[in-house]
Each structure stands twice: as structure tokens, then as C-alpha cells.
A.B. asks: 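First the structure, then my questions, so here it is.
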Amino acid sequence: EVTQNNYNVADLNLEDITQIEIDLLKSQGIDTLFFDADNTLYPHHANKLDGKYEKAFIRLAQEFKIAIVSNNIKPSARRELTDYFREFATYHELNEIYVVQTKKKKPAEDQFREARDALHTTYSQTAMIGDNINTDIIGAKRLGIYAIKVNPISPKSDNIFMRIGNYLGKKLIFKEK
């Protein structure tokens, strides 16, 4: 169920990516997944999938087109992310995992548009999975992208401003489903 004009409320709230149901998304016409990286796929600055998150990501990447939409805009970090996911896809025999290169940060449309165009999809066929209401969820919802909010893998690793923003986004300013 999509909430109209309520950009700060995710369409679906889950503990983590292991709870994503392929059939539910496919029944809504979704064929593309955009993922935030830090704290959604792996702990902040770990830059590597492992354990249950790796298994879940592989399962999803076998069924959907995938893009990584990260606010880490340092050129060296982008190169590492791009190289990692290229090697990951090759090793696990997955289709290309596209890593957005634009320097504009979410919630601006630039990263979402780049991923949409690179994967030849539409926003209505896409779900965004992320841990941050203020960047991932609001950015997706403003564009009509189905938004899935997961809990941060390591919430204490975010800087104090990120934690305050997330808290305010969840508890004071917005009412989450």
C-alpha cells in the first residue's frame, strides 16, 4: 500500500534485507531494486557483504535488476564500491550490479535518475531499500518509488547528526507506519 504525499513514511518496514519477499514485490510490478550500501547491506564502512546479508542479496540479485545508490561520494570510495560489486556479481554469476557515480546526494533525484536510466527501468517498477528516512525513503517516495525501510545494521556507527536526524525523522516530525 503506497501512502500518497507522505514522503517520510516507508511503504514497508522490515528488520533487514533478509525479510524482503520476492513474490510481494513482483506482484506489484517491481523488477528493479535500488540499495543504499552502508548500514543497509553491511555495517557502516565495512564495504563487504557477508553472512545472512550476502545470502539475501544474492537471492534478490538473481530475481531483480540491482543498483547501489550510496551517499558515499568520495571518488576512491566509489571506485572501491564499483570494483567490489563488479567482482561480487562475476563471482556469484549475477547480472551487472550498477553503482551510481553521480556526486549529488540523496534525497536529490540525481542518483535515482542515473540508476533508473542505467538499468532501463521506471520509478514505478522500482523499490528503494535503505536504512535512512531522510535520504533513502524521502528521496524514493518523492519520485514514486516503492520505499522499504530497514533498520540500520550498526546504528551506533552513524555520526551524531545522522542519528539525531533519523530519530527526529522517526519519532518527532514524522509518524512512521
A.B. asks: Just verifying a value: how many Å separate Tyr123 OH and Arg142 CZ, rounded to the nearest 0.5 Å?
C.D. replies: 10.0 Å
A.B. asks: Pick from Asn71, Asn47, Asp131: which one makes a side chain to side chain contact (heavy atoms under 4.5 Å, CB included) with Asp38?
C.D. replies: Asn47
A.B. asks: Do Gln125 and Thr122 have side-chain N/O donor and acceptor atoms under 3.5 Å apart?
C.D. replies: yes
A.B. asks: Check whether the side chains of Asn72 and Ser70 place a donor and an acceptor atom closer than 3.5 Å, and report yes or no.
C.D. replies: no
A.B. asks: Looking only at side chains, do Tyr98 and Glu114 share a donor and an acceptor under 3.5 Å apart?
C.D. replies: yes
A.B. asks: With the threshold set at 4.0 Å, does a side-chain nitrogen-carboxylate oxygen contact exist between Lys26 and Asp31?
C.D. replies: no
A.B. asks: Would you confirm whether Glu63, through its side chain, and Ile22, through its main-chain N or O, come within 3.5 Å as a donor-acceptor pair?
C.D. replies: no
A.B. asks: Answer yes if the side chains of Gln101 and Thr82 hold a donor-acceptor pair under 3.5 Å, and no otherwise.
C.D. replies: yes
A.B. asks: Looking only at atom types and distance, does a side-chain atom of Lys65 sit under 3.5 Å from a main-chain N or O of Leu119, one as donor and one as acceptor?
C.D. replies: yes
A.B. asks: Checking Ser154 against Asn39: is there a side-chain donor and acceptor pair closer than 3.5 Å?
C.D. replies: yes
A.B. asks: Rounded to the nearest 0.5 Å, what separates atom CD1 in Ile58 from atom OH in Tyr53?
C.D. replies: 15.0 Å
A.B. asks: Assess whether a salt bridge exists between Asp11 and Lys149, defined as any Lys/Arg side-chain N lying under 4.0 Å from an Asp/Glu carboxylate O.
C.D. replies: no
